[in-house]
Student: 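The structure is given below, and queries will be raised subsequently.
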Protein chains: 2
Amino acid sequence: MTKQFTSVWLREPRQPKASGLRLDHIIGAAVELLDAEGLESLSMRKIGAKLDAGATSLYWYVANKDELLEWVLDEFWGMVEVPEPDEAPWREVLTTFAYNFRDTLRAHRWGASLIGQLPSMGPNALRLTDRLRRAYVRAGFHGIDIYLASGTVMSYVLGVVTPELAWEKTYGSVDINREEIVQMMEEVTGEGYPELMADYREVSPANPDVARAMAFDFGLLCLLDGLEHRLPGGSGERPGG
Amino acid sequence: MTKQFTSVWLREPRQPKASGLRLDHIIGAAVELLDAEGLESLSMRKIGAKLDAGATSLYWYVANKDELLEWVLDEFWGMVEVPEPDEAPWREVLTTFAYNFRDTLRAHRWGASLIGQLPSMGPNALRLTDRLRRAYVRAGFHGIDIYLASGTVMSYVLGVVTPELAWEKTYGSVDINREEIVQMMEEVTGEGYPELMADYREVSPANPDVARAMAFDFGLLCLLDGLEHRLPGGSGERPGG
DNA sequence: ACCTGAACACCGTTCAAGT
DNA sequence: ACCTGAACACCGTTCAAGT
């Protein structure tokens, strides 16, 4: 007897009456609280209060907090804009997506945490997945390579931004410059890694926002170059690919 | 009056007496509980109990739970092995790191969450950063490009694995095959994305573990190709780079 | 059908008090 | 110096009861 495979997205929606709570209002209230106060301080009680309802009333529309957050996560995916793949060259489509995704992650900092905690199977997530897939198709990938390539840019962006958010959560409100960071690292390691420290001091841009943006762009360029290289006809083509 | 820049790693350590609690034991107990029960069920009370102490005793060694987790996170970084960059070609070093990092993230599933929540500034994190940096130096990058390239592979791996862990957390214990996933997606989207669904059905490997491993490898190859392409002398070299 | 409040089993953290 | 227990202000969720 194996567990049944189910999903939030397959549940019968509750029929709201004209006045009273509604699932979309609950999700909206959750998003507003998340934007204002962050994931850690979101509680069912606060969502209820925001809607002039008891916390426990939410449980008529939602099985539990995770299920609500799964809906909220799909709202996040709905905020990430991707150009229609027919309307621009594939590198431009993916670059625009990468920058939009980065901006959305930074504007709604709870998004990255939810992506790491809950599956992304809602309609907005699937719409985005489909658009990206078509961008890779238009690039010229075939067969299984479409599938293999289709998550690369998104993974890269998520992986870059996630630790940045963690850093900013802790040190974002602190007035800090590059030199102080390096000094702190030196105190942690002793005289351990002189070249690493010299590098930070000498070559990394003094403004951390600029440094982050440049590194993001550099890596994205590498990834796109590498994808192009693996396209049929490119010199990285695999035998029988 | 700006906030002072401080860190866990700069605090004066408490002097433990011969018998009694010790910071390293507290960290060790936390890691064990994390491996056994996951991040969400870790509590100060449980850590205390595991050490035959009251939960509040921990606060002598640790300012709060986040600070303890910052130490725990550095333990995680300590588990990620990277070959010495002198001992192998740079692509091999980075490939080995990528696979090791992926394995460690999968073996200690709380790691990815902590990376997204807390800064990685401990000695193990810095040791890893330095090794990776030297791998990029050995590859042939110069000046600011060392800095710009140095996070790329790590970001990619983190971004790939993080959503996989979220998926497995929800559906990992469910007996599920590819067809059931596709059917569920079709129920969510209606007949929305026929090509996306056909692709999943026809070209993605039937075993999800195999599918994930192949996609991981493909993207890593792309990224390494793209890095190589940007090396001085490569055709992607930038003017004045 | 929808909403409520009381209640349960938890949290992280503070603090006065003990040794 | 180190550890304790009581206490505070929270959590998510269940459930019997209301309308």
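Numbers restart at 1 for each chain; the letters A, B, ... are given by sequence-line order, proteins then strands.
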Student: I'd like a table of atom pairs between the protein and nucleotides 16-19 of chain C - only N or O on both sides, under 3.5 Å - with the distance next to each one.
Tutor:
none

Student: Side chain to side chain donor-acceptor pair (under 3.5 Å) with B:Arg106: which residues, sequence neighbours excluded?
Tutor: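 Partners of B:Arg106 by the side chain to side chain donor-acceptor pair (under 3.5 Å) criterion, ordered by chain and then number, come out as B:Glu164, B:Glu168.
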Student: How would you list, by chain and number, every residue that makes a salt bridge (Lys or Arg N to Asp or Glu O under 4.0 Å) with B:Arg131, sequence neighbours excluded?
Tutor: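 Per chain and number, B:Arg131 pairs via salt bridge (Lys or Arg N to Asp or Glu O under 4.0 Å) with B:Glu84.
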Student: What is the distance, to the nearest angstrom, from the CG atom on A:Asp52 to the C1' atom on C:dT4?
Tutor: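 Taking CG of A:Asp52 and C1' of C:dT4, I get 14 Å after rounding.
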Student: At their closest point, which heavy atom of B:Asn207 faces which heavy atom of B:Asp209, and how far apart are they?
Tutor: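 Answer, listing the atom of B:Asn207 first, then B:Asp209: OD1-N, 2.8 Å.
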Student: Between B:Leu132 and B:Leu94, is any pair of side-chain heavy atoms under 4.5 Å apart?
Tutor: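 Yes, close enough: below the 4.5 Å cut-off.
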Student: Begin with the C-alpha distance, continue with both residues' side-chain angles, and end with the deciding distance and a verdict on ring pair (Phe, Tyr, Trp, His ring centres under 6.0 Å) for A:Tyr136 and A:Tyr147.
Tutor: CA-CA 9 Å; A:Tyr136 291 96; A:Tyr147 169 81; over 10 Å; no
Student: Who are the salt bridge (Lys or Arg N to Asp or Glu O under 4.0 Å) partners of A:Lys169, not counting sequence neighbours?
Tutor: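 Expected list: A:Glu40.
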Student: If I take atom CD from residue B:Glu75 and atom CG from residue B:Leu73, how far apart are they, to the nearest 0.5 angstrom?
Tutor: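 With rounding to 0.5 Å, CD (B:Glu75) is 10.0 Å from CG (B:Leu73).
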Student: Return a table of donor-acceptor pairs under 3.5 angstrom between the side chains of residues 120-128 of chain A and protein atoms on other chains or two or more places apart.
Tutor:
| residue | atom | partner | partner atom | Å |
| --- | --- | --- | --- | --- |
| A:Ser120 | OG | A:Trp77 | NE1 | 2.8 |
| A:Asn124 | ND2 | A:Asp74 | O | 3.0 |
| A:Asn124 | ND2 | A:Asp74 | OD2 | 3.4 |

Student: Under 4.0 Å between a side-chain N or O of A:Tyr61 and OP1 or OP2 of C:dC2?
Tutor: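 It does not, given that no N or O in the side chain of A:Tyr61 lies less than 4.0 Å from OP1 or OP2 of C:dC2.
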Student: Roughly how far, to the nearest 0.5 Å, is the CE atom of B:Met44 from the OH atom of B:Tyr59?
Tutor: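 It is 4.0 Å, given to the nearest 0.5 Å.
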Student: Can you name the residues that form a side-chain contact (heavy atoms from CB on, under 4.5 Å) with A:Asp52, not counting sequence neighbours?
Tutor: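 Partners of A:Asp52 by the side-chain contact (heavy atoms from CB on, under 4.5 Å) criterion come out as none, since no residue qualifies.
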Student: Check B:Val8, B:Leu69, B:Val72 against B:Leu118 for a side chain to side chain contact (heavy atoms under 4.5 Å, CB included) and give me the one that passes.
Tutor: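 Looking at B:Val8, B:Leu69, B:Val72, the match for B:Leu118 under the side chain to side chain contact (heavy atoms under 4.5 Å, CB included) is B:Leu69.
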Student: Is it the case that atom CD in A:Glu179 sees more than 12 heavy atoms from other parts of the structure closer than 6.0 Å?
Tutor: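 Enclosed: over 12 neighbouring heavy atoms sit under 6.0 Å from CD of A:Glu179.
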Student: Which ones in residues 63-72 of chain A lie close to DNA chain C, meaning a heavy atom under 4.0 Å from one of its atoms?
Tutor: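 Nothing qualifies; none.
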Student: Give A:Ala53 one of three labels, base, sugar-phosphate or nothing, depending on what nucleic acid heavy atoms sit under 4.0 Å from its own.
Tutor: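 Sugar-phosphate, backbone atoms only, no base.
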Student: Between CZ of B:Arg109 and CG of B:Leu114, what distance do you get to the nearest 0.5 Å?
Tutor: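 One gets 14.0 Å once the value is rounded to the nearest 0.5 Å.
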Student: Within residues 24-44 of chain A, find the residues that approach DNA chain D with a heavy atom at under 4.0 Å, and present them sorted by residue number.
Tutor: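 Heavy-atom cutoff 4.0 Å gives A:Leu42, A:Ser43, A:Met44.
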Student: Rounded to whole angstroms, how far apart are CG on B:Leu51 and C1' on D:dC2?
Tutor: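 Rounded to the whole Å, the gap is 15 Å.
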Student: When the distance from CG of B:Leu58 to P of C:dC11 is rounded to whole Å, what number comes out?
Tutor: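 So the two atoms are 13 Å apart, to the nearest Å.
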Student: Could you tabulate the donor-acceptor pairs under 3.5 Å formed by side-chain atoms of residues 23-31 of chain B, not counting sequence neighbours?
Tutor:
| residue | atom | partner | partner atom | Å |
| --- | --- | --- | --- | --- |
| B:Asp24 | OD1 | B:Arg22 | NE | 3.2 |
| B:Asp24 | OD2 | B:Arg22 | NH2 | 2.7 |

Student: Each nucleotide N or O in nucleotides 5-9 of chain D that has a protein N or O under 3.5 Å away: list the pair and distance.
Tutor:
| residue | atom | partner | partner atom | Å |
| --- | --- | --- | --- | --- |
| D:dG5 | N7 | B:Thr56 | OG1 | 3.3 |
| D:dG5 | O6 | B:Thr56 | OG1 | 2.8 |

Student: Which residues pass the salt bridge (Lys or Arg N to Asp or Glu O under 4.0 Å) test with B:Glu37, sequence neighbours left out?
Tutor: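 Only B:Lys46 meet the salt bridge (Lys or Arg N to Asp or Glu O under 4.0 Å) criterion with B:Glu37.
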Student: Classify the ring geometry of A:Tyr171 against A:Trp167: parallel below 30°, tilted from 30° to 60°, perpendicular beyond 60°.
Tutor: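 Tilted.
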Student: Please, what dot-bracket string fits DNA chain D when only Watson-Crick and G-U pairs with both distances under 3.5 Å count, crossing ones use [ ] and pairs to another strand use |?
Tutor: ||.|||||...|||||.||
Student: Can you see if the side chain of B:Trp60 gets near the phosphate of D:dC3 - specifically, an N or O under 4.0 Å from OP1 or OP2?
Tutor: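 B:Trp60 to D:dC3 OP1/OP2: no side-chain N or O under 4.0 Å.
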